[in-house]
Amino acid sequence: MEGAVDVVVVGGGIIGCSIALELRARGGFDEVILLERGPFLGDGTSSRNSYVIHAGIYYPQDSFKARFCVRGNRELYAFCERHAIPCLNTGKVILAFSQEEIPILERLQRQGERNGVEGLRIVDERGIREREPSIQAAGALLVPSTGVFDVAQWFRVAEGLLYEQGAMVLKNTPVVGMEPKGQGVRVETRTRGKVLARFVVNAAGLHADDVGNLLGNRFRIYPIRGDYFSLAGKKAGEVRGAVYPPPGDLGLGIHLTRLWDGTLLIGPDARRVESKEDYGPLPVFDEEGNLDPESGDFQRFFAPVKKYFPAVQERDLHLAHCGIRPSLLPPGEKGFRDFRVEWDRSDPRVLHLLGIDSPGLTASPAIARHVADLLAERAG
Ligand SMILES: Cc1cc2nc3c(=O)[nH]c(=O)nc-3n(C[C@H](O)[C@H](O)[C@H](O)COP(=O)(O)OP(=O)(O)OC[C@H]3O[C@@H](n4cnc5c(N)ncnc54)[C@H](O)[C@@H]3O)c2cc1C
């Protein structure tokens, strides 16, 4: 890999791929190279999550998260339909377990409406039973625009489109160096040499801090892990859509997500971990290799779900995957952190995307358009 190109995008997750697609689709940048350190596109967080197309209710008005999520929701459904990617507009219910929790739903409804989410409605105990007969709660906020999509198929389609549109995609190509050089930025990779870029977009997800720090920044991303169990078969079929408890401090609470193939995902939880590569299985098996329902990690999932889905039995659950959120929230702190999309302080040709945690999948088409606007504006 030698010579000069218009744009190098670092990171082949849903954000990097969407940006490269957008840049090629609208023109103006002839050579776009996407560099992915792993062996396939979507090797990071983008393939390890709940696959939910969120509505956009949880985030403060006018935040990037609110704006990009609400816009991205519509665009992602449209993209999936255009390219025959399995997706399902299941809708979602956010539960209140007592009358005292109804004001939480009212707050979320107001927040969602301010963000432009349509069709939100609070129902009582009877209303929730009509919609989700197997779920027990005192009331619920109905969120009609929530759904799920097949992320693995999204990446197959995106990779085909990238080739078709003339973007160069290089896998197994970690970026290990960046330095300003004349009119551009010299990007060094471990496996394929160096390339001079007019612009660099840092979309390295969990490692966007490491990549950004190659230019002398002091970014810091904190990994927060989430695990899942799954449930298939008849019991899974008792749940019609996504079922969420009221949101917690670090995540959205242990919830149920009905996928396009009928599987029910249970989780994720939210737990700080030291390492960004901490993908080992939860210690929930006994010496014979059977799931141990007495283990603390198992009960952390089972107990809250049993509370609102009483038919579920311990033997119904199977350990599934886990994912790690690239959070900007330091340990000990609570509260909202928005996505950061910002030009490098010392090099005006490098754009960083930091803290793209949930709802990053949903927001991806809108983030891509925003980034393409920023690049076009700067290119003049
Ligand atoms: C448990 C969990 C549940 C979630 N659920 C949802 C959900 O239901 N809906 C939703 O909208 N969002 C959800 N999210 C958030 C969503 O998954 C992320 O926001 C999104 O995947 C981020 O995409 P990305 O492209 O920024 O990151 P990634 O997918 O991590 O992509 C970054 C890529 O950069 C590559 N990379 C890293 N370093 C380098 C380097 N030096 N050189 C080259 N390449 C490099 C990595 O290999 C990786 O492929 C969830 C996240 C988690 C963890």
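Just so it is clear, the values below take in all heavy atoms, side chains as well, and ignore hydrogens, waters and symmetry mates. Treat the numbers as computed from the prediction; the structure is a model and nothing was measured. Remember, it's 1-based here, ligands and their atoms both numbered in the order they're listed.
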Would you call [X] and [Y] a salt bridge, taking side-chain N to carboxylate O under 4.0 Å as the test?
| X | Y | value |
| --- | --- | --- |
| D278 | R225 | yes |
| R186 | E179 | yes |
| K234 | E238 | no |
| E159 | K171 | yes |

Nearest neighbour in protein (non-hydrogen) for [atom]:
| atom | result |
| --- | --- |
| atom 30 (O) of ligand 1 | T45 N, 3.0 Å |
| atom 42 (N) of ligand 1 | V175 N, 2.9 Å |
| atom 19 (O) of ligand 1 | I356 O, 2.7 Å |
| atom 27 (O) of ligand 1 | G205 CA, 3.7 Å |
| atom 17 (O) of ligand 1 | N49 ND2, 3.2 Å |
| atom 8 (O) of ligand 1 | V52 N, 3.0 Å |
| atom 37 (C) of ligand 1 | A204 O, 3.5 Å |
| atom 23 (O) of ligand 1 | S46 OG, 3.2 Å |

If you take the nearest heavy atom of each of [options], which one is closest to [atom]?
| atom | options | value |
| --- | --- | --- |
| atom 39 (C) of ligand 1 | E36, K276, R37, H321 | R37 |
| atom 32 (C) of ligand 1 | P268, A203, P174, P326 | A203 |
| atom 16 (C) of ligand 1 | I53, T362, L361 | L361 |
| atom 6 (C) of ligand 1 | S358, A270, G11, G355 | S358 |

Flag if over 12 foreign heavy atoms under 6.0 Å of [atom1], [X]:
| X | atom1 | result |
| --- | --- | --- |
| K307 | NZ | no |
| E274 | CD | no |
| Q313 | CD | yes |

Is it the side chain (CB and beyond), the backbone, both or neither of [X] that lies under 4.0 Å from ligand 1, heavy atoms counted?
| X | answer |
| --- | --- |
| V176 | neither |
| I15 | both |
| D357 | backbone |

Which atoms of ligand 1 are found less than 4.0 Å from any heavy atom of [X]?
| X | value |
| --- | --- |
| V10 | 42 (N), 43 (C) |
| T173 | 43 (C) |
| H54 | 7 (C), 8 (O), 9 (N), 10 (C), 11 (O) |
| R325 | 52 (C), 53 (C) |
| G323 | 53 (C) |
| Y51 | 8 (O) |
| L35 | 43 (C), 44 (N) |
| I14 | 23 (O), 25 (O) |

Review point. Are the ring centres of H318 and F302 closer than 6.0 Å?
Key: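 Not under 6.0 Å, so no.
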Review point. Are H370 and F64 close enough that their ring centres sit under 6.0 Å apart?
Key: yes
Practice item. Carefully, step by step, assess Y308 and F97 under the rule side-chain contact (heavy atoms from CB on, under 4.5 Å). Key: CA-CA 8 Å; Y308 59 79; F97 296 123; 3.5 Å; yes
Check your understanding: Any donor and acceptor pair, going by atom type alone, linking the side chain of Y228 with main-chain N or O of D269 inside 3.5 Å?
Key -> no
Exercise for review: Keeping the roles fixed (side chain from S47, backbone from G42), state whether a donor-acceptor pair exists under 3.5 Å.
Suggested key: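 Checking the backbone N and O of G42 against the side chain of S47, a donor-acceptor pair under 3.5 Å is found.
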Review point. Any N or O of Y228 that comes nearer than 3.5 Å to an N or O of ligand 1?
Key: no
Practice item. May I ask you to check if ligand 1 and H207 share an N or O to N or O distance below 3.5 Å? Key: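 Between H207 and ligand 1 (N or O atoms, distance only) the closest approach is not under 3.5 Å.
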Do [X] and [Y] meet the criterion of a side-chain donor-acceptor pair at a distance under 3.5 Å?
| X | Y | value |
| --- | --- | --- |
| R258 | T90 | no |
| D261 | T263 | yes |
| Y59 | N115 | no |

